[in-house]
Amino acid sequence: MSLQICDAEKATTDEDTVKPEEQNGDESKEKSDSRETEKRDAQPETGAAKVRDGPGDDIDALLETIEQSNGLTLQSEGCGGSDNRPVLYVEHRNLNPETELKRYFGARAVLGDQRPRQRQRQFHRSTWMTIPKDTWPRFSRPGISMTLRESRDGLQYFTFEHSRDYQQIQFKFLDSVESMDPNNIVALLQMNPYHIDSLLQLSDVCRIQEDQEMARDLIERALYSFECAFHPVCSLTSGTSRLDYLRPENRAFYLAVYKHMMFLERRGCPRTALEYCRLILSLDPDSDPLCMLLLIDFLSLRSREYNFLLRLYQDWEVHRNLSQLPNFAFSVALSHFHLSQEDQTESEERERLKHKADLLLQNALIMFPGVLMPLLDLCTVQPDAAVSSHDFFGPRSQLGQSPALAELVSLYVGRTHTLWREGGVLLWLEECVREVLRRVDTKDPLVEDCQNKRKQRYQSAPLNIHRHVILSEIKEATSTLPLEVTTQSVMGFDPLPPLDSVASYTRPESVGASNESTLSLFFRSLLPNFNLQDDQEVAQAGRELNQEVNRLMVAMRDMLANIQFQEPPRDNNPDRDEGEWD
């Protein structure tokens with residue numbers, strides 16, 4: 001039984017991310033934003049020309065006009081223009097979190113009495129992803145540039161490049177990382193306040209120390225440095241700009257945008273985070289090095305962009321087999337269910353969507369039965385005895401999963417369980433579970449077919465999935481990582497680099513960069529005559545011991561990250577016994 005998705009026309013109806021009148025609007029005007037809010041809450045207005053400002057009124061509109069004249073964005077006419085845009089189309093105004101916050105709270109509550117960006121433009125270069133702050137160090141080009149490598153089949157392939165001076169700073173940064181002392185990175189940033197990898201690494205340190213504001217500020221500073229280095233023809237919105245993840249200079253941009261996206265999601269701006277997710281996926285949609293397909297459905301559901309998710313599923317299912325990912329199998333069903341519950345949906349259409357949602361969720365549960373029990377557990381729901389005692393959803397459903405499938409299931413459950421806690425959603429889930437058990441007991445052919453698919457597929461997870469799990473920091477998923485991943489050192493500025501990386505320059509073998517491992521240097525500090533290369537057996541033993549040390553370091557990092565210090569008892573009560581503790 002194949003999984004059919006609703007028509008493309010329905011899947012893109014009322015999609016609020018691709019309206020024609022948003023292309024040239026002045027995003028800094030409160031009047032335009034309030035009108036945009038009214039259109040999202042009420043019926044779409046047909047007089048788009050009434051809210052469209054002239055392209056000469058604002059430099060942002062002028063830049064978009066230039067892009068459109070060069071063919072970098074798709075033109076659309078009429079109310080059906082949104083259907084003609086690429087599914088990964090990115091809008092500049094949606095990259096600004098203030099756009100979403102003003103939609104929730106109003107422009108006056110977000111901006112106060114300030115004009116948001118006009119003053120900034122007198123002193124700083126206009127950028128889309130971040131707005132420079134007065135508290136930042138004075139910006140001077142750090143030595144990063146972007147070049148256009150080639151144009152092929154309507155796509156432009158760019159790459160970032162480091163100058164010779166920047167390469168020397170990068171070598172010093174690597175020395176600071178090896179010292180395992182964050183103060184060395186801080187000292188390097190004081191001399192070079194816009195060095196990208198130092199900003200990324202120090203942001204992780206601040207986040208671990210629960211200084212979220214500083215961690216977010218450092219990431220924004222890195223993004224600003226990148227955007228100032230953009231090539232003149234590099235477009236964030238066209239979906240035709242590509243960055244090769246195999247090049248280390250490009251990987252830092254991927255990670256900076258990803259970390260910025262996650263800060264936005266935690267800040268309560270899922271719609272803005274979804275726009276950045278589209279951006280990352282558009283940079284290399286074929287390889288998807290950060291595996292954004294495992295996240296884009298969650299952000300779509302959080303921001304209630306159900307039609308976008310269905311359109312993405314319809315357009316990519318044929319060549320990407322999205323239905324074989326647990327997150328898409330369940331999220332597409334959940335999108336149909338939410339659409340069927342909307343008040344503006346007609347009764348006949350509501351019944352059709354509800355029937356479609358029932359069928360999709362039942363098929364998802366049959367294909368991935370190991371999702372149900374962990375999901376109910378995180379939702380703090382006690383399953384019925386008929387469900388928990390049934391072999392199909394019992395412990396065998398989880399024990400029979402391959403490690404790769406268990407990793408995908410744990411990632412989905414750990415990330416999206418909050419979306420299933422709603423009362424109406426849980427009741428719908430209960431109905432579908434009972435229907436699945438009936439289909440299993442009646443020997444539905446789909447049950448055996450899905451069982452065979454689970455055995456044949458999901459033999460091993462590719463590197464980009466492991467990289468995504470590490471970046472997600474979801475404990476349910478990180479605990480399922482294979483041993484070959486957990487035993488190697490993972491650096492925050494470049495987690496799990498590709499095995500076939502393309503390095504444009506290499507670190508020189510100098511006093512600061514020795515070929516010896518950390519373990520070898522440690523033994524040499526204790527035994528001056530120690531030489532790990534004298535004996536092959538000793539070298540092999542050292543490598544094995546090095547793996548054990550790495551495994552121990554991972555465990556220690558987890559312990560230090562979760563440890564909580566308890567204050568000593570205060571002697572505020574003079575009558576308390578000396579041996580009594582709080």
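Side chains included, hydrogens not; waters and symmetry mates left out as well; all remaining heavy atoms used.
Of the possible polar contacts, none joining the R221 side chain to the P137 backbone as a donor-acceptor pair under 3.5 Å is found. With hydrogens and angles ignored, the 3.5 Å screen pairs a side-chain donor or acceptor of S235 with a backbone N or O of T237. Distance alone, capped at 3.5 Å, is enough to place a donor-acceptor pair between the N250 side chain and the D244 backbone. With hydrogens and angles ignored, the 3.5 Å screen pairs no side-chain donor or acceptor of S287 with any backbone N or O of D284. Here the side chain of Y194 pairs no donor or acceptor atom with the backbone of L189 at under 3.5 angstrom. Under the 3.5 Å distance criterion, the side-chain polar atoms of T486 are matched with a main-chain donor or acceptor of L483. Using a distance-only test at 3.5 Å, with no hydrogens or angles considered, a donor-acceptor pair links the side chain of S238 to the main chain of T240. The backbone N or O of L279 lies less than 3.5 Å from a partner atom in the side chain of S282, making a donor-acceptor pair. At distances below 3.5 Å, not a single donor-acceptor pair connects side-chain atoms of E275 with backbone N or O atoms of L95.
Two residues are said to be in side-chain contact when any heavy atoms from C-beta on lie closer than 4.5 Å; P142 and Y166 meet this criterion. A heavy-atom distance below 4.5 Å is not found between the side chains of P497 and M491. Here the side chains of P289 and R251 are not in contact, with every heavy-atom distance at 4.5 Å or above. Counting only heavy atoms from C-beta outward, the side chains of H260 and E220 approach each other to under 4.5 Å. Between E265 and F298, some side-chain heavy-atom pair lies under the 4.5 Å cut-off. Contact check for E407 versus Y458: no side-chain heavy atoms found under the 4.5 Å cut-off.
When each of L471, L325, N464, V469 is paired with C291, the side chain to side chain contact (heavy atoms under 4.5 Å, CB included) condition holds for N464 and for no other. Paired with F253 under the rule ring-ring contact (aromatic ring centres under 6.0 Å, His included), one option of F158, Y276, Y245, F226 passes, and it is F226.
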Subject >> side-chain contact (heavy atoms from CB on, under 4.5 Å) assessment of F493 paired with L199 >> reply: CA-CA 9 Å; F493 63 92; L199 292 170; over 6 Å; no

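A donor atom on one side chain and an acceptor atom on the other are not found under 3.5 Å apart for R271 and T99. Remark: the W316 side chain and the N321 side chain contain no N/O donor-acceptor pair separated by less than 3.5 Å. Checked by atom type, the side-chain pair T478/E473 shows no donor-acceptor distance below 3.5 Å. Using modelled atom types, one finds a donor on one side chain and an acceptor on the other under 3.5 Å when comparing N327 with D297. Between the side chains of N184 and S176, no donor-acceptor pair of N or O atoms lies under 3.5 Å. With 3.5 Å as the limit, one finds no donor-acceptor pair spanning the side chains of Q156 and H231. In summary, the side chains of E227 and T130 do not present any donor paired with an acceptor at a separation below 3.5 Å, with no hydrogens or angles considered.
Note on E100 versus R103: no salt bridge recorded, every NZ/NE/NH1/NH2 to OD/OE distance being 4.0 Å or above. The existence of a salt bridge linking D175 and K172 is excluded, since no basic side-chain nitrogen approaches an acidic carboxylate oxygen closer than 4.0 Å. The pair E210-R207 fails the salt-bridge criterion, with no side-chain N (NZ, NE, NH1 or NH2) lying under 4.0 Å from an Asp/Glu carboxylate O. Between D217 and K133 there is a salt bridge, with a side-chain nitrogen of the basic residue lying less than 4.0 Å from a carboxylate oxygen of the acidic one. Using a 4.0 Å cut-off between a side-chain N of Lys or Arg and a carboxylate O of Asp or Glu, R415 and E476 do not qualify as a salt bridge. Salt-bridge formation is not detected for the pair E249/R247: no Lys NZ or Arg NE/NH1/NH2 atom is positioned less than 4.0 Å from an Asp or Glu carboxylate oxygen.
Ring pair H468/Y258 is perpendicular by interplanar angle, where above 60° counts as perpendicular and below 30° as parallel.
For the pair R278 and Y89, the NZ or CZ position fails the cation-pi test of under 6.0 Å to the six-membered ring centre and within 45 degrees of the ring normal.
Looking at every heavy atom in both residues, M261 comes nearest to A273 through CG-O, 3.4 Å. V485 and H466 make their closest contact through CG2-CD2, 3.8 Å (heavy atoms, listed as atom of the first residue, atom of the second, distance).
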